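All figures in this text were calculated on a predicted structure; none of them were measured in a lab. Residue numbers start from 1 in every chain, and the chains themselves are labelled A, B, ... in the order their sequence lines are given, proteins ahead of strands.
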Number of protein chains: 2
Amino acid sequence: MFDPVCPSGLSPIRVGDKWAAMIIRCLEEGPRRFSELRIPLRGITAKVLTASLRTLERDGFVVRTVCPGPARHVEYALTPLGRSLLEPMNFACAWMEEHWEELLDAREAASPTG
Amino acid sequence: MFDPVCPSGLSPIRVGDKWAAMIIRCLEEGPRRFSELRIPLRGITAKVLTASLRTLERDGFVVRTVCPGPARHVEYALTPLGRSLLEPMNFACAWMEEHWEELLDAREAASPTG
DNA sequence: CAGGATCCTACTGGATACTG
DNA sequence: CAGTATCCAGTAGGATCCTG
């Protein structure tokens with residue numbers, strides 16, 4: 001899913017914006033800091049990550065906690081509502097695992113170059 | 001779902017493009033013609049419906065059948081692969097029914113105007 | 001009837017540079 | 001460290017008009 005080669009990119013099922021599902025997966029095991037999130041999400045810019053996190057926060061899927069101090073940092077964590085999204089996400093993944101070959105075949109048959 | 005007031009518009013889970021899920025619902029009971037599809041999909045323009053149907057066709061979710069004759073018409077029907085999408089769609093609907101109030105509450109709490 | 005052609009707007013996502 | 005500010009390209013979606 002985090003690999004650019006991963007076929008999850010062709011899934012017709014999307015949760016939130018481009019990065020939302022991956023962010024939720026990153027938070028599945030526990031809270032993560034802003035800069036920690038940027039590592040698995042290779043290539044995401046600070047602005048885009050911020051925007052996606054703000055949307056997740058607005059919808060009540062994620063909570064943002066500022067930890068002040070000399071080395072200030074911010075933690076993001078899933079709320080129960082955000083965690084509940086894992087169910088439809090897993091269901092979508094199961095559908096994808098079962099059908100991605102048919103999907104690829106259909107696209108190849110539809111493309112003129114093969 | 002087809003009503004502009006329906007809260008399905010705020011679901012974070014999307015299947016295909018803006019109209020894909022509604023088109024699939026329209027085809028659930030059997031084949032439908034182009035102009036038949038335009039009725040429940042209030043306001044959709046011919047170009048946009050065509051584009052969405054072409055994508056569904058390319059991915060193998062829908063088949064297009066031209067019925068020639070004096071009164072030419074075209075029928076669209078779900079393939080087994082397209083029909084299999086109803087499962088994750090129903091799952092997403094179930095999630096939405098269970099959580100849309102929490103979602104609304106979160107958005108209201110996040111909006112400055114209430 | 002079932003589109004295709006053209007034009008247009010708004011939004012999404014990203015590159016780059018800067019800041020408390 | 002965790003963003004914000006600006007600028008920018010690509011795309012999705014739509015309005016309108018035309019056609020085999």
Rounded to whole angstroms, how far apart are [atom1] on [X] and [atom2] on [N]?
| X | N | atom1 | atom2 | value |
| --- | --- | --- | --- | --- |
| I23(B) | dA2(C) | CD1 | C1' | 14 Å |
| H73(A) | dC1(D) | NE2 | P | 11 Å |
| D17(A) | dG13(C) | CG | C1' | 9 Å |
| R14(B) | dT12(C) | CZ | P | 10 Å |
| I39(B) | dC1(C) | CD1 | C1' | 13 Å |
| E75(A) | dG3(D) | CD | C1' | 16 Å |

Self-check item: Non-neighbouring partners of W95(B) that pass ring-ring contact (aromatic ring centres under 6.0 Å, His included), sequence neighbours left out
Solution: H99(B)

Quiz prompt | Inter- and intrachain pairs under salt bridge (Lys or Arg N to Asp or Glu O under 4.0 Å), touching residues 83-104 of chain B, at least two apart | solution =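 Matches after skipping sequence neighbours: none remain.
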
Quiz item: Using a heavy-atom distance cut-off of less than 4.0 Å, which residues of residues 48-69 of chain A contact DNA chain D?
Solution: T50(A), R54(A), R64(A)

Practice problem: Could you check which residues of residues 28-37 of chain A get a heavy atom under 4.0 Å from DNA chain D? Sort them by number, please. | Solution: R33(A), F34(A), S35(A)

Quiz item: Among pairs that include at least one residue of residues 44-79 of chain B, which meet ring-ring contact (aromatic ring centres under 6.0 Å, His included), considering only residues two or more places apart or in two chains?
Solution: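 ring-ring contact (aromatic ring centres under 6.0 Å, His included) check on residues 44-79 of chain B returns no pairs.
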
Produce the list of close N/O pairs, under 3.5 Å, pairing protein atoms with atoms of nucleotides 16-20 of chain D; give distances to one decimal.
from	atom 1	to	atom 2	distance (Å)
dG20(D)	N2	R72(B)	NH1	3.4

Quiz item: Does a nitrogen or oxygen in the side chain of Y76(B) sit under 4.0 Å from OP1 or OP2 of dC1(C)?
Solution: no

